[in-house]
Amino acid sequence: MTDDCPSLSWVVLLVRLPAAPSRHRVAVWRELRRIGALSLGQGAWAVPDVPVFADGLARAAQLAGEAGGEVVTLAASGRTGADAARLKELFAAARAEDWAEFLADCGKYEAELAKEIRKAKYTLAELEEEEQSLERLRRWHRDLTARDVFGSPEAARAGERLKQCAAACEDYAERVFAALHQTPGQDI
């Protein structure tokens with residue numbers, strides 16, 4: 001994307017849902033959060049007008065319709081350059097928060113592996129659990145990368161941290177297999 005904010009088009013969703021049951025509001029809210037939509041206020045959401053958001057927006061509209069609500073979709077841009085820049089800043093700040101959360105989870109993942117190594121918990125079941133956690137991080141990284149349309153500086157650091165997590169998992173896997181292949185009296 002370019003830094004020419006006034007030319008950037010946004011999709012704004014105005015969502016109205018029945019007050020009850022709340023599960024419908026929660027389902028729509030979760031879908032919009034999942035795709036990285038920016039909440040502008042009560043029932044108003046925005047995303048850059050790029051293809052990566054199309055399926056999620058359609059899904060949110062479908063969920064709202066199934067709940068007896070309605071969605072009005074608008075094409076928008078900032079009325080002034082300052083408005084456009086502010087919208088972009090808000091969206092970029094939301095992505096920075098996403099990346100910060102991802103980086104924190106990478107740290108938790110590496111701490112978990114270190115704990116298992118300290119405890120010498122070298123089992124296939126534990127390895128499978130750690131591999132599933134790594135795969136969850138990979139999916140999350142892919143999803144964040146897809147919706148980070150302005151290229152947050154945190155994205156490169158997150159990519160490096162994901163590689164470090166993969167290397168730590170590989171090291172743990174080697175330790176597990178060494179332990180499983182160990183003969184009695186042999187040190188790992």
message = For a quick test of reading the model, state the closest non-hydrogen atom pair linking Ala76 to Val12 and the distance between them.
response = CB-CG2, 3.8 Å
key: Spatial distance of atom CD (Glu174) from atom CG (Leu127) [nearest 0.5 Å]   = 11.0 Å
ask   = Going hydrophobic residue to hydrophobic residue with side-chain gaps under 4.5 angstrom, can you get from Leu180 over to Tyr122?
value = yes
task = Enter the distance from Leu63:CG to Leu17:CG here, rounded to the nearest 0.5 Å.
result = 9.0 Å
ask   = For Asp105, what residues pass the side chain to side chain contact (heavy atoms under 4.5 Å, CB included) criterion, not counting sequence neighbours?
value = Lys108, Arg136, Leu137, Trp140
ask   = Hey, are the side chains of Trp10 and Leu74 touching, using non-hydrogen atoms and a 4.5 Å cut-off?
value = no
ask   = Would Leu38 and Phe91 satisfy side chain to side chain contact (heavy atoms under 4.5 Å, CB included), going step by step from the backbone distance to the final call?
value = CA-CA 6 Å; Leu38 178 63; Phe91 190 82; 4.2 Å; yes
message = Taking salt bridge (Lys or Arg N to Asp or Glu O under 4.0 Å) as the cut-off, I'd like each qualifying pair that reaches into residues 53-64, sequence neighbours left out, listed once.
response = none
inquiry  = Tell me every residue that passes side-chain hydrogen bond (donor to acceptor under 3.5 Å, both in side chains) with Glu126, counting only those two or more places apart in sequence or in another chain.
reply    = Lys121
OG1 on Thr73 to CG on Leu57, rounded to 0.5 Å = 7.0 Å
query = Among the clusters formed by ILVMFWY side chains lying less than 4.5 Å apart, do Leu103 and Tyr109 turn up in the same one?
reply = no
note = Residues at least two apart in sequence or cross-chain that pass side-chain hydrogen bond (donor to acceptor under 3.5 Å, both in side chains) with Glu66, listed by chain then number, are Gln62
ask   = For Ile117 and Tyr172, which heavy atoms make the closest approach, and how far apart are they?
value = CG1-CD1, 3.8 Å
note = Distance col, row Cys169:SG vs Leu113:CG, nearest 0.5 angstrom, shows 6.0 Å
task = Please identify each residue that fulfils salt bridge (charged side-chain N to carboxylate O under 4.0 Å, His left out) with Glu112, with sequence neighbours left out.
result = Lys115
remark   = Of all heavy-atom pairs linking Ile35 and Gly56, the shortest is CG2-CA, 3.6 Å
Name each donor-acceptor pair under 3.5 Å that joins a side chain in residues 144-156 to protein atoms two or more places apart or in another chain, with its distance.
from   : atom 1 : to     : atom 2 : distance (Å)
Thr145 : OG1    : His141 : O      : 2.8
Arg147 : NH1    : Arg34  : O      : 2.4
Asp148 : OD1    : Gly151 : N      : 3.4
Asp148 : OD1    : Ser152 : N      : 3.1
Asp148 : OD1    : Ser152 : OG     : 3.0
Asp148 : OD2    : Trp99  : NE1    : 3.0
Asp148 : OD2    : Ser152 : N      : 2.9
Asp148 : OD2    : Ser152 : OG     : 3.3

His24: partners by ring-ring contact (aromatic ring centres under 6.0 Å, His included), with sequence neighbours left out = none
ask   = Of all residues at least two apart in sequence or in a different chain, which pass the side chain to side chain contact (heavy atoms under 4.5 Å, CB included) check with Ser22?
value = Arg25
task = Would you please name every residue forming a side chain to side chain contact (heavy atoms under 4.5 Å, CB included) with Arg86, sequence neighbours left out?
result = Glu89, Leu90
request  = Only counting residues at least two apart or in another chain, list the ones meeting side chain to side chain contact (heavy atoms under 4.5 Å, CB included) with Trp45.
outcome  = Leu13, Val15, Trp29, Leu32, Arg33, Ala37, Ser39
request  = Taking all non-hydrogen atoms of both residues into account, name the closest pair between Ala166 and Arg138 and its distance.
outcome  = CB-NH2, 3.6 Å
query = Restricting to pairs with a member in residues 69-83, which pass salt bridge (Lys or Arg N to Asp or Glu O under 4.0 Å), not counting sequence neighbours?
reply = Arg16-Glu70
ask   = Nearest heavy-atom pair of Pro18 and Ala67: which atoms, and what distance?
value = CG-O, 3.2 Å
query = Hey, mind stepping through Cys106 and Cys165 against side chain to side chain contact (heavy atoms under 4.5 Å, CB included) and telling me if it holds?
reply = CA-CA 7 Å; Cys106 285; Cys165 289; 3.7 Å; yes
query = Tell me the side-chain hydrogen bond (donor to acceptor under 3.5 Å, both in side chains) pairs involving residues 157-171, sequence neighbours left out?
reply = Glu110-Arg161, Arg161-Gln164, Asp171-Arg175
